[in-house]
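The analysis underlying the following values was restricted to heavy atoms, covering all of them including side chains, and did not include hydrogens, waters or symmetry mates. Every number for a ligand or one of its atoms is a count from 1 in the order of the listing.
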Amino acid sequence: MKTVLILVGKTVNKHFVAGINDYTERIGHYMPFIIETIPELKNTKNLSEDQQKEMEGDLIMKQIQPSDTVVLLDEHGAEYRSIEYAKWLQKKQNTARRLVFVIGGPYGFAQKIYDRCNEKISLSKMTFSHQMVRLIFVEQLYRACTIIKGEPYHHE
Ligand SMILES: C[S@@+](CC[C@H](N)C(=O)[O-])C[C@H]1O[C@@H](n2cnc3c(N)ncnc32)[C@H](O)[C@@H]1O
């Protein structure tokens, strides 16, 4: 199974970039994992928040294939403990061809993205910035990979 993470906008903070690169490399030892970054349309053409979400939504849709299993990172999504999340991921490894996670832009997702998704996952009931949540997500994905392999990274 290929796993893809779609992001809106380049990661700005160099410390986040370093952390994301570190976990991306680690995840790559467990499964094929790539990050696709679409442009954030902030400050272009004086777009309203809704127009920005719509246009970013069109760019996200272009990255999605019909057979993809699409999982949105969303604070209103299902919440898992890390071990439950690892079990969820293992099931997906057995059933999905391409597992595509999407993190929204600063204003979240356009309705068309909610309509297309298969599932929504929350990392907390609190809202993280679209820049910070990507680092938290890749750490959790790495953690799940180590749990599946029975490796001693995770301690309850
Ligand atoms: C600043 S948030 C957008 C908040 C927006 N009000 C909304 O309703 O989605 C930017 C993106 O970060 C991700 N995000 C933020 N907090 C999250 C959380 N607790 N769990 C999962 N994803 C989260 C989501 O993908 C969201 O689209």
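The protein heavy-atom contact nearest to atom 7 (C) of ligand 1 is Gly108 CA, 4.1 Å. What sits closest to atom 11 (C) of ligand 1 on the protein, heavy atoms only, is Gly104 O, 3.7 Å. For atom 15 (C) of ligand 1, the closest non-hydrogen atom of the protein is Phe128 O, 3.1 Å. Looking only at heavy atoms of the protein, atom 25 (O) of ligand 1 is closest to Leu73 O, 2.5 Å. At the shortest separation from atom 20 (N) of ligand 1 among protein heavy atoms lies Leu123 N, 2.9 Å. Atom 6 (N) of ligand 1 has its closest protein heavy atom at Tyr107 O, 4.6 Å. Distance from atom 8 (O) of ligand 1 to its nearest protein heavy atom, with residue and atom name: Glu75 OE1, 4.7 Å.
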task = Could you walk me through whether Gln93 and Met31 pass side chain to side chain contact (heavy atoms under 4.5 Å, CB included), step by step?
result = CA-CA 9 Å; Gln93 286 176 329; Met31 61 187 183; 3.7 Å; yes

task = Start with the C-alpha distance between Tyr85 and Ile147, add both sets of side-chain angles, then the distance that settles side chain to side chain contact (heavy atoms under 4.5 Å, CB included), and finish with yes or no.
result = CA-CA 10 Å; Tyr85 177 55; Ile147 292 170; over 6 Å; no

ask   = Could you walk me through whether Leu7 and Glu36 pass the side chain to side chain contact (heavy atoms under 4.5 Å, CB included) check?
value = CA-CA 6 Å; Leu7 303 176; Glu36 300 282 1; over 6 Å; no

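With a 4.0 Å heavy-atom cut-off, ligand 1 is reached by the backbone of Met126 but not by any atom from C-beta on.
Summarising the contacts of atom 21 (C) of ligand 1 with Asp74, Ile6, Leu7, Ile113, the nearest heavy atom is found in Asp74. Across the listed options Ile136, Val133, Val102, Val133 owns the non-hydrogen atom lying nearest to atom 13 (C) of ligand 1.
Note: Tyr30 and Tyr142 have perpendicular aromatic rings, judged against thresholds of 30 and 60 degrees for the angle between ring planes.
Under a cut-off of 6.0 angstrom, the local environment of NZ in Lys112 is crowded, with over 12 non-hydrogen atoms contributed by other residues, nucleotides or ligands. Within 6.0 Å of atom CE in Met132, 12 or fewer heavy atoms from other residues, nucleotides or ligands are found, so the atom counts as exposed in its surroundings.
When only modelled atom types and interatomic distance are considered, Ser122 and Glu75 share no side-chain donor-acceptor pair under 3.5 Å.
The ligand atoms of ligand 1 that sit less than 4.0 angstrom from a heavy atom of Phe109 are 25 (O), 27 (O). Near Pro106, meaning under 4.0 Å from any of its heavy atoms, are these atoms of ligand 1: 1 (C), 3 (C).
Looking at Ser124 next to ligand 1, an N or O pair under 3.5 Å apart turns up.
At least one heavy atom of Gly105 sits closer than 4.0 Å to an atom of ligand 1. Under the 4.0 angstrom criterion for non-hydrogen atoms, Ile121 is in contact with ligand 1.
A donor-acceptor contact shorter than 3.5 Å links the side chain of Glu56 to the backbone of Leu41.
A salt bridge links Lys92 with Glu119: at least one charged nitrogen is closer than 4.0 Å to a carboxylate oxygen.
A distance of 13.0 Å separates OG in Ser82 from CH2 in Trp88, rounded to the nearest 0.5 Å.
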